[in-house]
Amino acid sequence: MNPIHQLPFEGTLPDSFFQIPGPLYAALPYQPQEDAAAVRQLFRQELERNDIVLFTDHAQLRLVGIFPKNGRTAYFGFWETVDDVTLNAAAFAQLQQAARQRGYTHLQGPLNFSTYHSYRLRLGSAPSWQQFDREPVNPTYYPGLLEQLGFAPVLTFESRLIAPATVPAVYADKAALLAAVRSLPYEFLPLTPETWPEHEAALFELVHQVFSANPAYQPIPESQFRQLYNAQYAARLCPHTSVLLREKAHGRLVALSLCHPNYAPLQLGSEPPNFQRDYPRLPRKTLLAKTIGVHPDFRNQQLMSYLGAYGMLAFRELYDEAIFCLMRSDNFSLHFTDGLPAETAHYALYELPLT
């Protein structure tokens, strides 16, 4: 076994960091979406808020320890490895020791700095869709390795595929919502590349308010938010189903629903998806319900369900099926598809107590 090197991040990553994942996914029909330039930039940005240490043998394993300057939970991320429990035990032992020495009480992951970036493991065998945009994917042995090292799931998530045969039942089940959606005391503001700049500043605040109470949430600077969510991101959204909800009385944004087609079959690589260009080219029209949420002050008014109903207004003309993506297992968003036949994929974020 090659020795594990412990490398504090000081502005650069070794070339091996980006070479390790390739062989692990070469025989798999899915692979993580990783842009080396963007990763390097993210590490440099996050160095202001975290101590960062890379643990690697430069050949078969990489593991990043993330030590926030505030809080008692440390994180691991960017974890890629061969199926070797001894190798991983050696790397994680060094990571745990570094976390204990710094006074952390828990180790959680995989989480690449924050929930705005890749986090969680997919559990079990690959679903029929193999991989959708920004879905956590990994070799099937990853969860077992963590469990052998003493980790256990602390949060679980689901994605649900509603197949074409089930779509008529969905419309029958949601008939009352569909009938009422146009008479609400809210405006539906479609999100497009043209309208995105008008709402960008308010979106940053709305996203923070909607998701900041979620477990494992880590806030990010507005500058980093705009690198992820901008006009280029808006161009991938489906303009017929992506929407902001605005209170008519006071003009306040109260909810959002960000949806787009599954562009994965086009294998665009590093080329950003674009709805106008790429939707017609899709061999199968699958809608991804990606980010849906309601401001805490406006919950318990069925607004989550009305956002789903709004998307249904144009769905049958545009799409064959839908995937409701990465919903936390205890979240209200699951209820929209409860009771409907669905193919489900499962995911987990893991934790290890250090005390």
Side-chain angles (χ1 to χ4, degrees), residues 33 111-120 129 131-136 155 157-162 186 188-193 195-196 199-220 222 224-246 253-264 272-273 275 286-296 298-299 303-312 314-315 319 322-337 345 347 349:
Q33 298 158 332
L111 186 146
N112 294 357
F113 293 114
S114 78
T115 56
Y116 286 88
H117 302 285
S118 179
Y119 74 107
R120 300 165 286 207
W129 62 80
Q131 179 182 14
F132 58 71
D133 177 64
R134 297 187 68 181
E135 182 182 11
L155 292 172
F157 307 81
E158 298 180 16
S159 293
R160 295 180 178 179
L161 170 68
I162 303 299
Y186 299 96
F188 288 88
L189 307 175
L191 274 173
T192 67
T195 62
W196 184 274
H199 305 296
E200 194 168 34
L203 259 170
F204 172 68
E205 181 59 29
L206 177 63
V207 168
H208 176 72
Q209 292 293 334
V210 169
F211 299 108
S212 60
N214 287 0
Y217 176 87
Q218 300 283 327
I220 61 173
E222 186 171 1
Q224 193 176 125
F225 178 86
R226 290 186 179 225
Q227 290 170 5
L228 295 168
Y229 300 99
N230 48 36
Q232 184 181 85
Y233 171 80
R236 79 173 56 196
L237 295 177
C238 170
H240 309 285
T241 57
S242 297
V243 69
L244 295 174
L245 206 57
R246 182 165 65 189
L253 294 182
V254 302
L256 75 162
S257 178
L258 307 181
C259 306
H260 59 76
N262 183 20
Y263 297 109
F275 181 87
T286 303
L287 179 69
L288 303 181
K290 291 296 295 289
T291 302
I292 303 174
V294 177
H295 190 287
F298 294 85
R299 289 174 184 165
L303 295 188
M304 188 82 79
S305 294
Y306 283 118
L307 287 170
Y310 175 87
M312 291 174 65
F315 175 85
Y319 296 99
I323 301 176
F324 292 80
C325 305
L326 298 166
M327 302 171 290
R328 206 171 73 238
S329 298
D330 61 351
N331 193 276
F332 183 82
S333 60
L334 280 178
H335 298 328
F336 191 78
T337 54
Y347 318 81
L349 184 72

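Numbers here simply count residues along the sequence, with the first being 1.
- Under the 30°/60° scheme for interplanar angles, the aromatic rings of Tyr319 and Phe315 are found to lie parallel.
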Going through the checks in order, is the side chain to side chain contact (heavy atoms under 4.5 Å, CB included) test met by Phe188 and Val243? CA-CA 6 Å; Phe188 288 88; Val243 69; 3.7 Å; yes

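- Separating the CG atom in Leu111 from the CZ atom in Arg120 is a distance of 9.0 Å, to the nearest 0.5 Å.
- Residue Glu222 holds its CD atom at 14.0 Å from OH of Tyr229, rounded to the nearest 0.5 Å.
- Contact record, Ala216 with Leu155: CB-CD1, 4.2 Å, taken as the closest heavy-atom pair.
- Leu326 is listed as a side-chain neighbour of Pro136, based on a closest heavy-atom distance under 4.5 Å.
- Counting only heavy atoms from C-beta outward, the side chains of Leu228 and Ile220 approach each other to under 4.5 Å.
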Stepwise, does the side chain to side chain contact (heavy atoms under 4.5 Å, CB included) test hold for Val294 with Leu245? CA-CA 9 Å; Val294 177; Leu245 206 57; over 6 Å; no

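- Inter-residue side-chain proximity for Val210 and Leu256 is flagged as met; some heavy-atom pair is nearer than 4.5 Å.
- Using a 30° and 60° split on the angle between ring planes, Tyr186 and Phe298 fall in the perpendicular class, above 60°.
- Of the inter-residue distances, the one linking Leu253 atom CG with His295 atom NE2 reads 9.5 Å to the nearest 0.5 angstrom.
- In this structure the side chain of Ile162 reaches within 4.5 angstrom of the side chain of Phe324, judged on heavy atoms.
- The heavy-atom pair separating Phe132 from Ile323 by the smallest distance is CE2-CG2, 4.0 Å.
- A cation-pi arrangement is absent between Arg236 and Tyr263, since the terminal nitrogen or guanidinium carbon is not both under 6.0 Å from the aromatic centre and inside a 45° cone about the axis.
- Residues Tyr310 and Ser257 form no side-chain contact, since every pair of their non-hydrogen atoms from C-beta on lies 4.5 Å or further apart.
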Apply side-chain hydrogen bond (donor to acceptor under 3.5 Å, both in side chains) to the pair Gln218 and His117, showing each step before the final yes or no. CA-CA 10 Å; Gln218 300 283 327; His117 302 285; over 6 Å; no

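- For the atom pair Leu191 CG and Cys238 SG, the distance stands at 11.0 Å (nearest 0.5 Å).
- Between Gln209 and Arg299, the shortest heavy-atom distance links the atoms O-NH2, 4.5 Å.
- Residues Trp196 and Leu203 meet the side-chain proximity criterion, which asks for heavy atoms closer than 4.5 Å.
- Atoms CG and CG, on Leu258 and Leu237 in that order, are 5.5 Å from each other to the nearest 0.5 Å.
- Shown here for Pro190 and Pro239, the closest heavy-atom pair between the two residues is CB-O, 3.8 Å.
- Here Asn262 contributes atom CG and Asp133 contributes atom CG; the two are 7.5 Å apart, rounded to the nearest 0.5 Å.
- For the pair Arg328 and Asp330, the tightest heavy-atom approach, listed with the atom from each and the gap, is NE-OD1, 2.6 Å.
- Residue Tyr347 comes nearest to Glu135 through the heavy atom pair OH-OE2, 2.6 Å, listed as atom of the first residue, atom of the second, then distance.
- Checked by atom type and distance alone, the side chain of Gln33 pairs as donor or acceptor with a backbone atom of Arg134 at under 3.5 Å.
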Derivation and outcome, side chain to side chain contact (heavy atoms under 4.5 Å, CB included), residues Arg226 and Phe204: CA-CA 8 Å; Arg226 290 186 179 225; Phe204 172 68; over 6 Å; no

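- If you look at Tyr116 and Tyr217, their ring centroids are closer than 6.0 Å.
- Residues Ile292 and Phe336 are not in side-chain contact: their nearest non-hydrogen atoms beyond the backbone lie 4.5 Å or more apart.
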Checking side chain to side chain contact (heavy atoms under 4.5 Å, CB included) for the pair Asn214/Thr115: CA distance, chi angles, key distance, verdict? CA-CA 10 Å; Asn214 287 0; Thr115 56; over 6 Å; no

